[in-house]
Amino acid sequence: MNMQQKMHGNNHYEIGLDHGNVHVFANAEVFQSFEAKVYEMADNNLRIPRNVYMSYTPDAHVGVGTCIGTTAVWSMKDGIVSPSIVGVDIGCGMRVHTTPLHKRDIQDKAVRRALIAAIESYVPTNERTNSHFADIDIMEVVKQGLRGLPSKYVPDNQWITHVEESTFQYDHTYLEHLPPKIRKNARGQLGTLGSGNHFIELQYLEINEASAELAAKWGLFDGQVVIMIHSGSRAWGAMLGREYNKVMKEAMYHWGVENPDPNLIYAPITSKEGKTYLNLMYSALNFAVSNRHMIAFGVRQAFKDVFGPQIETPVLYDLMHNYALKEFHRNQPMLVHRKGATRALPPNHFLNTPVYKETGHPALIPGSMGTSSYIMVGKEEGLKNFYSICHGAGRVRSRRATKEAVTIDQFAQSLRIGTEEEILVNHRSLETILDECPQAYKDVDQIIDSVVGASLADVVARCIPMAAIKGK
DNA sequence: ATGTTC
């Protein structure tokens, strides 16, 4: 394959491939670690007609059809929508709640263990345990997002205003196309964590002087305990995505569309299949944001149980990293696919949610287990990448390869088990979550360095884990 | 990612 490398500025490469160009944002070390396969995948994606822009953030790695870490843009007028460039966990994303606590308040392991137990009593982490919120009508949630929740589950208006999107509006008649088993399998799952890389973490913040002013505006302080949540649309999004991959694949066959990768699925936005997928994708985005909301509701109850009913744990922000959003760029509406990429809008950008219009919104970036996560803010220069930054550390090893290469002892050591700085985990044995160990991921500090060096975003706070809750 | 393998 033809590969021509051009440098645009610090940490910004443009790679010319056979069927178009892919932009790469990475420092020299991360850039050199990219395997040939990610460029093969980019080239297959660039065969899709009328692509306006395609890029990789530094956490990019091989995925199904399209790399995780991809931003891909088409015009709404003549563009395409791709379920495989959205990814399997539609609406997967991040949420952070703040607390008034300082890290010393939960340094005592007994306190942290009590918190973990309390959280698990409200948020099921066992894969097949139903949520405690049986009175919530799932159909109202997928139709209206947060506005479909009973008001007793909305503690205050901030839980609606401090999110990337509270309600995606779409044509609900498309829900009639869905196979009934999707409703059946998603029932009882609202407010449950899921497995894989999903987590709830208790972290404390490290804020340096340069970002202290903005951090204070957001209500953040050095040493503060925060709650970070990573989850998605559970069975609703997964089954819907799978179903429409299948439907669209058949349509591609009928249209005679050819692509070397059979897992790369796409259709014109204006086609029946494209319209159907987009409308149903919105239902999954509504499910996902509501799912994180209800997980947070449970965690809030747990904090009240442990620290008393007066404790306040307001939401900082909730945003997604697997979706296709209609956004206005270059004087026209575009469909921006982000598959494992996070929007980071700069101060005063019109796409910001109103409460963060002036400062830009918090961009929430998880690390791997046992390493730091980050709260960032976008910069003007992010325009060159359609305001996309990384979504985390990014895998370097498959789940299977990780289990072969890393021992339980090595994992335990990276969680500093047995020391004062131990990260407490809700698993008796680390064996079941070994594939989530930090050795399975790139070094998140290198990823953040890449993004900052490329002037896409700045660090506002570093979040250091104290306790982690994972699915079982 | 996923009631995981149509």
Side-chain angles (χ1 to χ4, degrees), chain A residues 59-70 82-95 124-131 134 138 142 178-200 229-253 262-265 277 280-281 283-292 295 320-324 337-342 366 368-369 391-395 397-403 432-436 440-441 469-472:
Chain A
D59 48 333
H61 61 97
V62 169
V64 178
T66 301
C67 288
I68 291 121
T70 296
S82 165
S84 40
I85 315 185
V86 168
V88 275
D89 189 3
I90 303 169
C92 186
M94 304 302 302
R95 184 180 183 97
T125 52
N126 285 316
E127 193 49 35
R128 298 195 179 179
T129 305
N130 279 354
S131 84
I138 290 247
V142 298
L178 280 174
K181 69 168 181 186
I182 295 182
R183 286 171 212 221
K184 190 170 151 270
N185 290 339
R187 195 177 298 145
Q189 287 198 318
L190 200 69
T192 64
L193 186 60
S195 57
N197 58 11
H198 293 165
F199 67 77
I200 301 167
I229 296 166
H230 179 200
S231 191
S233 54
R234 308 290 279 103
W236 183 277
M239 301 194 75
L240 180 160
R242 190 187 306 143
E243 183 69 18
Y244 277 83
N245 261 287
K246 213 168 65 190
V247 170
M248 223 179 248
K249 197 171 184 169
E250 277 169 29
M252 285 173 79
Y253 180 77
N263 291 318
L264 184 50
I265 312 290
Y277 176 76
L280 291 173
M281 181 197 72
S283 77
L285 299 184
N286 281 339
F287 189 105
V289 65
S290 306
N291 189 41
R292 286 187 296 273
I295 290 170
M320 300 191 255
H321 50 232
N322 281 358
Y323 58 26
H337 295 68
R338 293 190 181 89
K339 180 182 189 179
T342 309
S368 52
M369 255 189 106
H391 86 305
R395 267 193 180 273
R397 281 193 180 91
S398 69
R399 294 188 182 280
R400 192 178 164 168
T402 302
K403 285 180 172 167
T432 49
I433 50 171
L434 181 58
D435 51 356
E436 281 296 311
Y441 288 88
I469 293 163
K470 301 281 292 178
K472 287 172 178 167

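Chain identifiers are assigned alphabetically (A, B, ...) following the order of the sequence lines, protein sequences preceding nucleic acid strands; residue numbering begins at 1 within each chain.
Between A/D89 and A/S233, the closest side-chain pair of non-hydrogen atoms falls below 4.5 Å.
Looking only at distances, no side-chain donor or acceptor of A/H61 sits under 3.5 Å from a matching main-chain atom of A/G394. Side chain of A/N322 to backbone of A/G340: a donor-acceptor contact under 3.5 angstrom is found.
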Anything under 3.5 Å between a protein N or O and an N or O of nucleotides 2-6 of chain B, put it in a table, one pair a line.
residue	atom	partner	partner atom	Å
B/dT2	OP1	A/R234	NH1	2.9
B/dT2	OP2	A/S195	N	2.7
B/dT2	OP2	A/S195	O	3.3
B/dT2	OP2	A/S195	OG	2.7
B/dT2	O2	A/R242	NH2	3.0
B/dG3	OP1	A/Q189	NE2	2.8
B/dG3	OP2	A/E127	OE2	2.0
B/dG3	N7	A/N185	O	3.1
B/dG3	O6	A/N130	OD1	3.4

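For A/Y441, there are no ring pair (Phe, Tyr, Trp, His ring centres under 6.0 Å) partners two or more places apart in sequence or in a different chain.
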Quiz item: Step by step, would you call A/H321 with A/H230 a ring pair (Phe, Tyr, Trp, His ring centres under 6.0 Å)?
Solution: CA-CA 10 Å; A/H321 50 232; A/H230 179 200; 5.2 Å; yes
